Amino acid sequence: MSSSVSDFIRNRIRDDIENEIVDGSIVTRFPPEPNGYLHIGHAKSICLNFGVAEEFGGQTYLRFDDTNPLKESAEFVESIQRDVRWLGFDWGDRLTFASDYFDQLYGFAEQLIEKGRAYVCDLSADEIRATRGTLTEPGSNSPYRDRTVTENLNLFRRMRAGEFDEGSRVLRAKIDMESPNIHLRDPVLYRIVHAEHHRTGEKWCIYPMYDFTHCICDALEGITHSLCTLEFEDNRPLYDWVLDNVSINFHPPQIEFSRLGLEFNVMSKRILTSLISDGHVEGWDDPRLPTISGLRRRGVPPEAIRDFCGRVGVTKQANLIETSLLDFCVRSALEDTSPRAMAVIDPLPVTVINFERDDVTLEAPNHPKVPELGTRELTFGRNLFIERSDFRESASKKQRKLTLNGLARLRYGFIVECVDVVTDDQGSAIELKVRYVPESQSGQDTSGLKPRSTLHWISAANAVPAKFRLFEHLFNVREPGGGDLGDELNPTSKIEKDGLVERVVIDDVWERCQFERNGYFVKDSDSTPAEPVFNRIVPLSSGVR
RNA sequence: UGGGGUGUAGCCAAGCGGUAAGGCAGUGGGUUUUGAUCCCACCAUGCGCAGGUUCGAUCCCUGCCACCCCAGCCA
């Protein structure tokens, strides 16, 4: 039952089980607000909550924290469920909504009023702010703080009945306006919002605040470990206060961990939303975004994200993870599972002058180490293409290029010698004339030649035109969001190139594959059989070509 | 400045009184018809700084310093 992973939260849970603080069956929850799409930061929390429950034989709720009808929608509820499922987690029948508990929550609020622990306050939002004090100065009591229980109950019921305008009154906890913890300075518990809620419709016009709702929902669901991010540390005394002052005989501990930082990326919902609305990216699923839907469209497999979340660990330290770690996880998830093929991006025509036919078939393995992935046929012929960047009229020995009068192996094909280069007016190569070495066929090479470079290539007869989208970091600063977004964006974050790909890649159902020497690719959702479009998921390591 | 947190290598992260795990990145080498993969080796006399306690401190004590979070009727 114990896991190989260890962090302060898992250690705490292990202790709680051993000391019978929980009875051996733990319960966690992933509680997103349905006001946007999930990103890789949420994945960290999902992997933690679901992972910990799996490891210790417990269960996890997917609970939507839908207490603010102004920002939330069914669209987000849908997308979040799809993303959690895609990541590989199952909440079974434990799908809940904070709005499921609105009646009970209301009851607990009346309880607080009856105990003299909450009051209806007529101050405006501005007045509340003004009397809250500052970081260094205490706040002052609301003139409505000492209303009688009867008056409070009456006013609160009328708030619920819709008798008052938005902003005219709120329900506040009566705690301590001089507390050094600002969250304890008579926090608002309920506010009036005359808006339709995506699940409860027009039933309510008062909505509970996060601090009142979250702890009660946790308690009602029997959450044994309420895990959240660091910025809620100051809210914990309020979490505890509410549960201590309401009649619930279950009190989950809130445990905080640091949120994920990923260099060259933003997780802020506000910034993500503006990137989309300002047209800097094409939507929530833009492959450059760290959203789950963006990563999915990019071609990143869910196992890679889970692996990544496991490797970054869980602590209370602020962190900014290097993208090389994510890239590593993506490659290692893809390495053994992805069939290989050849794609020539930015093709340079090559004519094999000592070869007349156009239809010779060669066989190539789909993976150098995994024979179960099968083989495929390559066509060799007089008319071929290699990648423009693989040719240089002259190059040093270190550069693995085909040079004029030089040799190169065409992978799984023949060795060729470049005998002539046709150039345009500017002097750049537009065609290569090569001579192939007949006895150098891959697998039965008796030529004795050892060219230092092996090139990927494609024959005209086997080539299908395709578009290739190559991505770089969306931002050119490690920690964006500090200044003007426009200045921080990388202008070349998305580059689309034309090229050629083996027909088998179009015909077959290979979901993702490695284009040898180019990286791992996936068909984009824009792709059609007539106009194939590939996203580069990640380049191969070392990269410099 | 009040309160709450955090400081171990370039980035993460174990260790919590007995002499610094691991991963990523990097470097060197081996294998290789992908400059890929794989394999091997190297990579902190040092744990924010300064004192103190102790036979012994990254771990305990004191004092500093740095960084993050909090003043929504958002979550």
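Just so it is clear, the model here is predicted, and its values are computed rather than measured. Numbered from 1 within each chain, the chains take letters A, B, ... in sequence-line order.
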Where do A/Ala98 and A/Leu105 come nearest, in terms of heavy atoms and distance?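 Looking at all heavy atoms of both residues, the shortest contact is O-CD2, 4.1 Å.
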Taking every non-hydrogen atom, the tightest pair across A/Val193 and A/Tyr207: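 Looks like O-CE1, 3.4 Å.
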Given the [atom1] atoms of [N] and [M], what is the spacing between them in whole Å?
{"N": "B/A9", "M": "B/G52", "atom1": "C1'", "result": "28 Å"}
{"N": "B/G51", "M": "B/C59", "atom1": "P", "result": "14 Å"}
{"N": "B/C68", "M": "B/G28", "atom1": "C1'", "result": "39 Å"}
{"N": "B/C70", "M": "B/C64", "atom1": "P", "result": "26 Å"}

Contact class for [X] vs. all strands (heavy atom < 4.0 Å): base, sugar-phosphate, or nothing?
{"X": "A/Asp234", "result": "base"}
{"X": "A/Tyr190", "result": "nothing"}
{"X": "A/Glu137", "result": "nothing"}
{"X": "A/Pro368", "result": "base"}
{"X": "A/Tyr210", "result": "base"}
{"X": "A/Ile206", "result": "nothing"}
{"X": "A/Gly139", "result": "nothing"}
{"X": "A/Arg129", "result": "sugar-phosphate"}
{"X": "A/Asp211", "result": "nothing"}
{"X": "A/Lys269", "result": "nothing"}

[options]: which one has an atom nearest the side-chain heavy atoms of [X]?
{"X": "A/Met209", "options": "B/G72, B/A36, B/A71", "answer": "B/G72"}
{"X": "A/Arg236", "options": "B/C74, B/C70, B/G5", "answer": "B/G5"}
{"X": "A/Ile128", "options": "B/C73, B/C70, B/U37", "answer": "B/C73"}
{"X": "A/Arg517", "options": "B/C70, B/C74, B/G35", "answer": "B/G35"}

To the nearest Å, how far apart are [X] [atom1] and [N] [atom2]?
{"X": "A/Leu455", "N": "B/U34", "atom1": "CG", "atom2": "P", "answer": "12 Å"}
{"X": "A/Asp165", "N": "B/C73", "atom1": "CG", "atom2": "P", "answer": "18 Å"}
{"X": "A/Leu378", "N": "B/U33", "atom1": "CG", "atom2": "C1'", "answer": "13 Å"}
{"X": "A/Glu256", "N": "B/G5", "atom1": "CD", "atom2": "P", "answer": "9 Å"}
{"X": "A/Ile192", "N": "B/C74", "atom1": "CD1", "atom2": "C1'", "answer": "17 Å"}
{"X": "A/Ile271", "N": "B/C74", "atom1": "CD1", "atom2": "P", "answer": "21 Å"}
{"X": "A/Tyr412", "N": "B/U32", "atom1": "OH", "atom2": "P", "answer": "15 Å"}
{"X": "A/Arg411", "N": "B/U32", "atom1": "CZ", "atom2": "P", "answer": "14 Å"}

List the protein contact pattern of nucleotides 9-15 of chain B with one symbol per nucleotide (5' to 3'): B for base contact, S for sugar-phosphate-only contact, - for none; contact means a heavy-atom distance under 4.0 Å. -BSSSS-
Under 3.5 Å donor-acceptor, [X] side chain and [Y] backbone:
{"X": "A/Ser338", "Y": "A/Glu335", "result": "no"}
{"X": "A/Arg376", "Y": "A/Pro365", "result": "yes"}
{"X": "A/Arg132", "Y": "A/Ile182", "result": "no"}

Pairing annotation in dot-bracket form, given for RNA chain B with Watson-Crick or G-U pairs under 3.5 Å and | for cross-strand partners: .((((((..(((.....[...))).(((((.......))))).....(((((..]....))))))))))).....
I want to verify the glycosidic state of B/G72; is it syn or anti under the 90° rule?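 Syn, which is what one calls it when the glycosidic angle falls within 90° of 0.
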Which residue lies more 5' along RNA chain B, comparing A/Ser332 with A/His214 via nearest heavy atoms: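 This one resolves to A/Ser332.
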Upstream residue (5' side of RNA chain B) when A/Arg340 and A/Pro180 are each assigned their closest nucleotide: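 The residue closer to the strand's 5' end, by nearest nucleotide, is A/Pro180.
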Rounded to the nearest 0.5 Å, what separation is found between the CZ atom of A/Phe257 and the CG atom of A/Leu227?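 If I round to the nearest 0.5 Å, the distance is 6.5 Å.
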Point-to-point distance, once rounded to the nearest 0.5 Å, from CD of A/Glu163 to CZ of A/Arg169: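 Interatomic distance, A/Glu163 CD to A/Arg169 CZ, rounded to 0.5 Å: 9.0 Å.
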Would you please say whether a donor-acceptor pair under 3.5 Å links the side chains of [X] and [Y]?
{"X": "A/Tyr37", "Y": "A/Glu75", "result": "yes"}
{"X": "A/Asp83", "Y": "A/Ser79", "result": "no"}
{"X": "A/Asn235", "Y": "A/Tyr210", "result": "no"}
{"X": "A/Ser179", "Y": "A/Asn181", "result": "no"}

Please evaluate the base of [N] for a donor-acceptor partner in the side chain of [X] within a cut-off of under 3.5 Å?
{"X": "A/Arg409", "N": "B/U33", "result": "yes"}
{"X": "A/Thr454", "N": "B/U34", "result": "no"}
{"X": "A/Asn181", "N": "B/G4", "result": "no"}

Set out, in order, the CA-CA distance, both residues' side-chain angles and the distance that settles side chain to side chain donor-acceptor pair (under 3.5 Å) for A/Glu256 and A/Gln254, then state yes or no. CA-CA 7 Å; A/Glu256 309 87 4; A/Gln254 173 181 299; 3.0 Å; yes
Is the phosphate of [N], meaning OP1 or OP2, less than 4.0 Å from a side-chain N or O of [X]?
{"X": "A/Arg191", "N": "B/C74", "answer": "yes"}
{"X": "A/Arg331", "N": "B/U37", "answer": "no"}
{"X": "A/Arg132", "N": "B/C73", "answer": "yes"}
{"X": "A/Thr67", "N": "B/A75", "answer": "yes"}

Apply salt bridge (Lys or Arg N to Asp or Glu O under 4.0 Å) to A/Arg29 and A/Glu221, showing your working. CA-CA 9 Å; A/Arg29 102 269 92 120; A/Glu221 291 176 354; over 6 Å; no
